[in-house]
Every structure is written in C-alpha cells, then in structure tokens.
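This structure is in structure tokens; I'll ask about it shortly.
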Amino acid sequence: MGVLNVTPDSFSDGGRYTDVDAAVQHGVDLFRQGAHVIDIGGESTRPGAQRVDAKTETDRVVPVIERLFAEGVPVSIDTTRAAVAEAALAAGAVVINDVSGGLADPDMAAVAAAARCPWVLMHWRGHSRDMQRLAEYTDVVAEVRDELRARADEAVAAGVDPGMIVLDPGLGFAKRAEHNWALSAHLDVLIDLGFPLLFGSSRKTYLGHLLAGPDGTPRPVGGREAATLATSVLAVASGAWGVRVHEVGATVDALAVWRATGSPRFRGTRDARDDRQERR
Ligand code: PMM
C-alpha cells in the first residue's frame, strides 16, 4: 500500500501533493513501482494535528481519486468519516482505510457493509489531538488484540462481511515507542484473530527515536527509510498481509529479497512441516 497524503500538514509528505496533478502523478508512480493500492488521505493524523471539516477533506481527495480511477490505479481512502468514504467510493476508491477502526463515525459500518469493499480497521483510542495521553497499557499486545477483536465483532454485527475486514495495530496511534516495538515483536498474536494484518511503520517517530544522534536528537523523517524497510520486511516475514509505506520501489525490492529466501508462505501449499519431512 503506497501512501499519498493530499494534506498541507502530514508529518512526512505534507504539502508535497496538494496540487492535483502532482498528487495523481505520484500515485501513478507508486503504482508503477509495484504498490497494489494507493492510500489517499485528506486529513493529517499526526500527533496533535487539528481536524479539518468533512467538506475540506472531501474536496482534497475526490479529484485525485477520480483521476487515479481513470488511470486504472486502485485507491483506498484513508478517512474516519463515513461521508468522505462514501464520496471517495463514488469517485472510484475500492478500499476504506479507517484509522479509527469504526469508532470515530457510527455511520462508517453501514457504508462499508453496503459497499462490500475491504475495510481496514486500525487500532485507535482517540483523535490525534489527544491520542498520546491515551497511550496507557498494562499489556499492550493483549489490549490491542482485544480492542481489535471488539472492532471486528462490531463490524460483523453491523453487516460487514468478515472476509472484507483487515486489521492494523496502528503504530504510533496512542502508542509510545515501546508499545510499537512490543506489537511488532508479537504480530502473530494479532494475526491469530484470523484477519489479514496491515502494518504501517513508514517513517514514524519511533524510528526517529531509535536512530537518534549522540545528543538524543531524533533522526529526521528523511533518514528513516532503511529502518522502515527493515520493519516492513520483518512484519511480512512475521505474517503481515500488507505494509503501508511511502517508498514503494525500495519496499518491493526488499520483499523480493525476502521472497527469494524461499519463505514457506510462497511455496503454495507446502509448509515448514513438509520441509522438515523432506530433509529427513
Ligand atoms: N498511519 C498513518 C495514517 N494512516 N493507516 C493505517 N491503516 N495504518 C497506519 O499505520 C496509518 C494509517 C499516519 O501516517 P502518514 O502520515 O504516513 O499517513
């Protein structure tokens, strides 16, 4: 999943693709580099961000989605608002990526159910403005698992086909660095819920802290790409179904390397058990 933020203020690409032509070109480029879907967001979710109204958000994304649809590029809409999702689907989007997991807007489930499209339910505890104060956990992996399960159960109860649900741990959303690392190390616990798992580490702040200079200054956004590749490959190797990244070409290359190592997941019906038997 390639990231395309058409916002003036997203943390890593804010302001670069507010012009429709530039946004469409970037979406096409990411698709040609190997992204299966381009995730378009019209509202920044960076910590502390101020909200924009639904009309502003819709006006930012719809012209870009229409043009990408015309170019044959599959698009997902990154929004927490049912009205924006509806307008995006009408413009040609084929996936709803809801960072609130359906919590922000009670009408989102009905939109997802009616559209019968994949719906990404990300783990979330509140809007950007106050999410860092919600980063309190006793056992982050178990709590995120239980909260994601509740989101999925509620979606199914609202009529969403379970086969259309994708879960996401929501790195950085009401999570400090130690929470992100714990979740990354235990993706299997979330995958055991039985849904495909999307993983989004790309350029996030916790990578900047990991790579801080000797004086403690976090590595700027532009220097987090190698760490993003490492976390993305590790996530896929742990069973993640997809990764949401800004640098698609490099990610595709890194995943080709992983695939060439002969991961059991890419050997059809064979699994580790078959391999062990063969070796005997
Ligand atoms: N992160 C951001 C925005 N949308 N959606 C999903 N499903 N998962 C994420 O981790 C996620 C998201 C924030 O980062 P951005 O500035 O790169 O969009």
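In each ligand, atom 1 is the first atom listed, and ligand 1 is the first ligand listed.
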Original post:
Quick one: are D39 and R244 in side-chain contact, heavy atoms under 4.5 Å?
Top reply: yes

**OP:** Would you indicate which of M1, M122, K204 comes nearest to atom 1 (N) of ligand 1 when only heavy atoms are counted?
**Re:** K204

Subject >> Proximal ligand 1 atoms for D168, defined as those under 4.0 Å from one of its heavy atoms >> reply: 6 (C), 7 (N), 8 (N), 9 (C)

**OP:** Could you tell me whether some N/O pair between D39 and ligand 1 is separated by less than 3.5 angstrom?
**Re:** no

**OP:** Check each of T79, N97, T80 against atom 5 (N) of ligand 1 and report the one with the nearest heavy atom.
**Re:** N97

**OP:** Could you tell me whether F173 approaches ligand 1 through its side chain, its backbone, both or neither, with non-hydrogen atoms closer than 4.0 Å?
**Re:** side chain

Subject >> Atoms in ligand 1 with a heavy atom of V99 nearer than 4.0 Å >> reply: 4 (N), 5 (N), 12 (C)

Original post:
Should the proximity of R244 to ligand 1, defined as any heavy atom under 4.0 Å, be assigned to the side chain, the backbone, both, or neither?
Top reply: side chain

Original post:
Rounded to the nearest 0.5 Å, what separation is found between the OG atom of S76 and the CD1 atom of I96?
Top reply: 9.5 Å

Original post:
Taking atom CE of M108 and atom OG1 of T79, what is their separation to the nearest 0.5 Å?
Top reply: 5.0 Å

Subject >> Enumerated ligand 1 atoms positioned under 4.0 Å from heavy atoms of L198 >> reply: 7 (N)

Original post:
Under 4.0 Å from any heavy atom of H246, which atoms of ligand 1 are there?
Top reply: 17 (O)

Original post:
Between atom CZ of R116 and atom CG of L89, what is the distance when rounded to the nearest 0.5 Å?
Top reply: 13.5 Å

Original post:
Using heavy atoms and a threshold below 4.0 Å, how should the contact between N5 and ligand 1 be classified: side chain, backbone, both, or neither?
Top reply: side chain

Original post:
Could you give the distance from NZ (K175) to OH (Y137), rounded to the nearest 0.5 Å?
Top reply: 4.0 Å

Original post:
Hey, are D59 and T56 close enough side-chain-wise for a donor-acceptor pair under 3.5 Å?
Top reply: no

Subject >> Charged N-O contact under 4.0 Å between D192 and R145 >> reply: no

